[in-house]
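Atoms within a ligand are numbered from 1 in the order they appear, just like the ligands themselves. Please read these numbers as outputs of a predicted model, since none were measured by experiment.
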Amino acid sequence: MAHIVVLGAGLGGAIMAYEMKDQLRAEDTITVVTKDPVYHFVPSNPWIAVGWRKREEITVNLGPTMAKKGIGFKPVAAEKVFPEENRIRLVDGSDVRYDYLINATGPELAFDEIPGFGPHGGFTQSICHIDHAEQAYAVFQQLLKNPGPVIIGAAQGASCYGPAYEFLFILETALRRAKIRDKVPMTFVTAEPYIGHLGLDGVGDTKGLLESEMREHHIKWITSARVKKVEDGKMTIEEIADDGSVRAERELPFAFSMMLPAFRGIAAMRGLDGVSNPRGFTIVDQHQQNPKHKNIFAVGVCVAIPPMGPTPVPCGVPKTGFMIESMVSATANNIGNILRGKEPDQVGTWNAVCLADFGDGGVAFVAQPQIPPRNVNWSSSGKWVHMAKIGFEKYFLRKLRKGTSEPFYESLALKVLGIDKLKETHKG
Ligand SMILES: Cc1cc2nc3c(=O)[nH]c(=O)nc-3n(C[C@H](O)[C@H](O)[C@H](O)COP(=O)(O)OP(=O)(O)OC[C@H]3O[C@@H](n4cnc5c(N)ncnc54)[C@H](O)[C@@H]3O)c2cc1C
């Protein structure tokens, strides 16, 4: 008999629990331990921040679904994991013991690394959590009343660039609809060395596509930017040259700013010898298994993935839904194998498939594998991306509410959109 604990119930952890449950033997048990009893669909947060979605439309109360599936559910945050003792201490002082632990705790948002940065007492907004997105919506309302300059982007060490571009263009669409776009100068500030790098050294023609969209929408940009500090209405940034020196320092005024932070692993998983890397991300092999503690697995944003290559300002690699699903399926099958006395043999594809909605259009890309040179290096734009993103939202939320465990992206992105055919037809 084995007890499997899934730590975290976000995009990765929730579907991890469903898929893992299907792999258990009759005598095994599974428990989800998570900070928040309610799931929020993070990819819809940019819509929350401009009022196109309300909280109740993108949330799922996980307790009843987990109970229906026969999955134990403990909505209490972890304080510390003790890998040598197979034990998790929770913030209420209780302990949870495990035979197998699957870390799915996503990112901790490193706002504190830049003075004045972020929504917790700083001056920039965030869309990484639904609470932040709601706060951003309140500030967006003020912008509608008192239009002024806007700065959108991603700070040094960020790894999630797609949502920064997404929010930039969604906000641009919302400002046009409100008929105040002419009063709002917009600048995109990013750690990326060029527009469309995305932490992946570009995919297909993302550079050309995104630059072109920005020109068409009168948006200026600053690349290789390091945010030095943020004050009320003023962001100080350094432009970094290829040799790492500061080429220029600039002060940018703003009435509204949304900047994505760098990510790190959660405190409960940081500083664990052989388990976490210096940023607190969990080290795994190709089977999603930690090499030192073989009963620890990890899926999602909390997994340690090295950067694509050196850039003047550090840029992380994105971990998107498709990739996370591939990690989840591999992990469920591998633990299922171990429970039956076999070796883990499933490998996640870790391919990057992303739909970036722009409000009335969008950009999609597929990178297989993530690191160039690639077999599929494809990008495209059009109104269909906006519709596909809505499809993603509806399908994923329905799947979570029903507790179904089949991989979503495989069926939507690869089959419905016909992206599997791109293997033969598109090359970068
Ligand atoms: C704004 C935004 C938009 C995105 N849009 C897309 C998109 O359109 N398509 C796409 O493919 N990807 C998108 N992504 C990337 C990625 O798919 C999401 O970040 C996704 O939510 C990551 O899933 P995850 O399970 O790793 O982490 P999360 O979904 O963040 O889940 C982490 C879970 O861990 C829990 N947790 C945290 N700390 C603790 C603790 N101490 N104890 C217990 N539980 C804890 C949290 O409560 C949460 O349940 C987006 C990311 C962002 C930030």
Just to check, does [X] reach to within less than 4.0 Å of ligand 1 when the distance is taken from its heavy atoms?
X: Lys319; value: yes
X: Cys354; value: no
X: Lys389; value: yes
X: Ala9; value: yes
X: Phe392; value: yes
X: Pro107; value: yes
X: Thr34; value: yes

One residue to check: [X]. Relative to ligand 1, which of side chain, backbone, both or neither has a non-hydrogen atom less than 4.0 Å away?
X: Pro43; result: both
X: Ala268; result: neither
X: Ile324; result: side chain

Open item on the list: Can you confirm whether the side chains of Ser329 and Glu19 place a donor and an acceptor under 3.5 Å from each other?
Closed with: yes
Under 3.5 Å, is there a donor-acceptor pair between the side chain of [X] and the main chain of [Y]?
X: Thr124; Y: Gly118; value: yes
X: Asn290; Y: Val284; value: no
X: Thr173; Y: Phe358; value: yes
X: Ser326; Y: Thr349; value: yes

Would [X] count as a polar contact of ligand 1, with the cut-off being nitrogen or oxygen pairs under 3.5 Å?
X: Val299; value: no
X: Gly12; value: yes
X: Val353; value: no
X: Thr320; value: no

Which of the numbered atoms in ligand 1 are under 4.0 angstrom from any heavy atom belonging to [X]?
X: Ala78; value: 40 (C), 41 (N), 42 (N), 43 (C)
X: Ala104; value: 32 (C), 33 (C), 34 (O)
X: Gly106; value: 26 (O), 27 (O), 32 (C)
X: Gly300; value: 26 (O)

- [ ] May I ask you to decide if the ring planes of Tyr100 and Phe297 are parallel, tilted or perpendicular, using 30° and 60° as cut-offs?
- [x]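 Tilted, since the angle between the ring planes falls between 30° and 60°.
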Open item on the list: Parallel, tilted or perpendicular, judged at 30° and 60°: which one describes the rings of His132 and His120?
Closed with: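 Rings of His132 and His120: perpendicular, over 60°.
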Task: Test of ring centre spacing under 6.0 Å for Phe392 and Phe322 - done: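 Centroid separation for Phe392 and Phe322: 6.0 Å or greater.
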Task: Aromatic ring proximity His197/Tyr161, centre distance under 6.0 Å - done: no
Task: Side-chain heavy atoms of Ile88 within contact of Leu101, under 4.5 Å - done: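 Side chain of Ile88 against side chain of Leu101, heavy atoms only: contact under 4.5 Å found.
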TODO: Determine, for Asp360 against Arg177, whether the closest basic-nitrogen to carboxylate-oxygen distance falls under 4.0 angstrom.
DONE: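 The answer is no: the pair does not qualify as a salt bridge.
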TODO: Establish, for the pair Lys54 and Tyr137, whether the NZ or CZ atom is under 6.0 angstrom from the six-membered ring centre and no further than 45 degrees off its axis.
DONE: yes
- [ ] For atom 12 (N) of ligand 1, state which one of Gly321, Pro37, Cys302 supplies the nearest heavy atom.
- [x]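 Looking at heavy atoms only, the winner is Gly321.
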